[in-house]
Amino acid sequence: MTGLETVSRARCFGGEQRVCRHRSTETGTDMRFAVFVPPGAGEGRRVPVVWFLAGLTCTEENFTVKAGAQRVAAELGLMLVAPDTSPRGEGVPDDPQGAYDFGLGAGFYVDATQEPWAKHYRMESYVARELPALIAAELPADMDRQGIMGHSMGGHGAITLALRNPGRFAAVSAFAPIASPMNCPWGEKALGGYLGPDRAAWRAHDSCALIDDGARVSDLLVDQGMGDNFLEGQLKPHLLEESCARAGVPLTLRRQEGYDHSYFFIASFVEDHLRWHAERLRAGS
């Protein structure tokens, strides 16, 4: 892990919105992430961190520009960190057919074991280990108070990373998550391509399977638009609902009539999610 370069910075609701770049040892590429630093952070004051993991085709820019989260994060004193969704650059392989749901922009928050993906596609280790270490070293972040949320593929990533790292995240939420990648075309393609054909290996990266196998979070907030084109074929929130009910995991699943899969949906409910996180992170303490 090498030094952090600030690509851009802008004053925003009394805080600062930055885009940063660094050389990643996990992916072997330059990686970018966006970070909103709320007012009052620094000079000995560290603030809670909320991670946002984006969905297919996205970069660090989508949430930063479209979600409208900075105003509420500034009020609540939350740092927002939005990583990219995959490695990028010369020599990084992409889907041979140029499909949007595999390869560049579609890292699925797993560490690939299959060639040619294994060298660069190490997004779980990047998001769960390397980037947090960099944030802790370079920014006024209180790493004892972390929350995580995400959208679609990133909702899958947020929930699975929380389940796979017990005690790391005090708050977990998702917008239209891919609830069970083992049981939808997006997930079958990604897990099969990155991890190989053995479905037993996929269970460690499927929210429902992880819960069924004993992993736990304290509680979970999920918003799902009922006008989402991907609802029945890809997202299947009822599977997460059933797994949480069997395991006794408190799930608040809000079915939002008329909302689709876009960032208009996220922008409509991101304040609720940030307040959910702030309450659990005791952001004012």
Side-chain angles (χ1 to χ4, degrees), residues 4 6-22 31-42 45-55 58-85 109 123 126-128 130-155 157-159 161-162 168-177 221 223 263-285:
L4 187 65
T6 301
V7 176
S8 66
R9 61 203 316 160
R11 194 75 170 160
C12 185
F13 293 103
E16 190 170 76
Q17 180 64 60
R18 305 177 191 173
V19 175
C20 301
R21 176 170 55 214
H22 71 107
M31 294 293 291
R32 290 166 60 110
F33 66 93
V35 57
F36 174 71
V37 180
R45 181 186 173 219
R46 293 183 174 270
V47 294
V49 180
V50 176
W51 298 82
F52 183 88
L53 306 185
C58 292
T59 69
E60 78 288 341
E61 184 177 73
N62 295 75
F63 176 76
T64 305
V65 173
K66 296 180 179 180
Q70 291 92 341
R71 176 186 61 81
V72 180
E75 175 197 332
L76 298 173
L78 298 174
M79 180 180 294
L80 303 177
V81 179
D84 201 348
T85 54
Y109 305 102
M123 290 303 295
Y126 175 71
V127 171
E130 183 178 11
L131 187 54
L134 181 64
I135 296 293
E138 299 287 345
L139 292 165
D142 183 351
M143 304 306 282
D144 291 329
R145 293 188 288 167
Q146 296 185 68
I148 191 166
M149 61 181 177
H151 172 230
S152 193
M153 176 185 73
I159 298 170
L161 290 181
R168 169 85 64 88
F169 303 103
V172 190
S173 69
F175 301 88
L221 170 65
D223 273 300
Y263 269 82
F264 295 114
F265 161 60
I266 296 172
S268 298
F269 300 105
V270 71
E271 179 170 351
D272 293 350
H273 284 244
L274 291 176
R275 293 192 184 282
W276 166 279
H277 284 261
E279 180 181 351
R280 286 151 182 78
L281 296 170
R282 301 185 302 279
S285 63

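Residue indices begin at 1 and follow the sequence shown.
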Taking only residues two or more places apart in sequence, or in another chain, which ones meet [X] in a side chain to side chain donor-acceptor pair (under 3.5 Å)?
X: Asn62; result: none
X: Asp84; result: Arg88
X: Gln17; result: Gln70
X: Tyr109; result: none

Please report the closest heavy-atom contact between [X] and [Y], naming both atoms and the distance.
X: His277; Y: Val172; value: CE1-N, 4.0 Å
X: Ala82; Y: Glu60; value: O-CB, 3.2 Å
X: Val47; Y: Gly77; value: CB-O, 3.5 Å
X: Ala158; Y: Ser173; value: CB-O, 4.1 Å
X: Phe36; Y: Leu78; value: CD2-O, 3.9 Å
X: Ala67; Y: Val270; value: O-CG1, 3.5 Å

Output yes when a side-chain donor or acceptor of [X] lies under 3.5 Å from a complementary backbone atom of [Y], and no otherwise.
X: Arg46; Y: Leu139; result: yes
X: Arg168; Y: Ala128; result: yes
X: Arg145; Y: Arg282; result: yes
X: Glu279; Y: Trp276; result: no

Can you list everything that forms a ring-ring contact (aromatic ring centres under 6.0 Å, His included) with Tyr126? Sequence neighbours excluded, please. His22
Among residues at least two apart in sequence or on other chains, which ones pass side chain to side chain contact (heavy atoms under 4.5 Å, CB included) with [X]?
X: Val7; value: Val19, Arg21, Arg32
X: Ala176; value: His151, Gln224, Asp228, Leu235, His261, Phe265
X: Ala54; value: Phe52, Cys58, Thr85, Tyr263
X: Ala170; value: Leu281

For Glu75, all residues meeting salt bridge (charged side-chain N to carboxylate O under 4.0 Å, His left out), sequence neighbours excluded: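 By the salt bridge (charged side-chain N to carboxylate O under 4.0 Å, His left out) rule, Glu75 matches Arg275.
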Once you round to the nearest 0.5 Å, how far does [atom1] of [X] lie from [atom2] of [Y]?
X: Leu161; Y: Trp51; atom1: CG; atom2: CH2; answer: 10.0 Å
X: Thr6; Y: Glu16; atom1: OG1; atom2: CD; answer: 8.0 Å
X: Leu221; Y: Phe175; atom1: CG; atom2: CZ; answer: 7.5 Å
X: Met149; Y: Ile159; atom1: CE; atom2: CD1; answer: 13.0 Å
X: Leu134; Y: Leu4; atom1: CG; atom2: CG; answer: 5.0 Å

Would you say that Ile266 contacts His273 through its side chain, given a criterion of any heavy-atom pair below 4.5 Å between the two side chains?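 Answer no - side chains too far apart.
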Any side-chain heavy-atom pair from Met31 and Pro83 closer than 4.5 angstrom?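 No, side chains not in contact.
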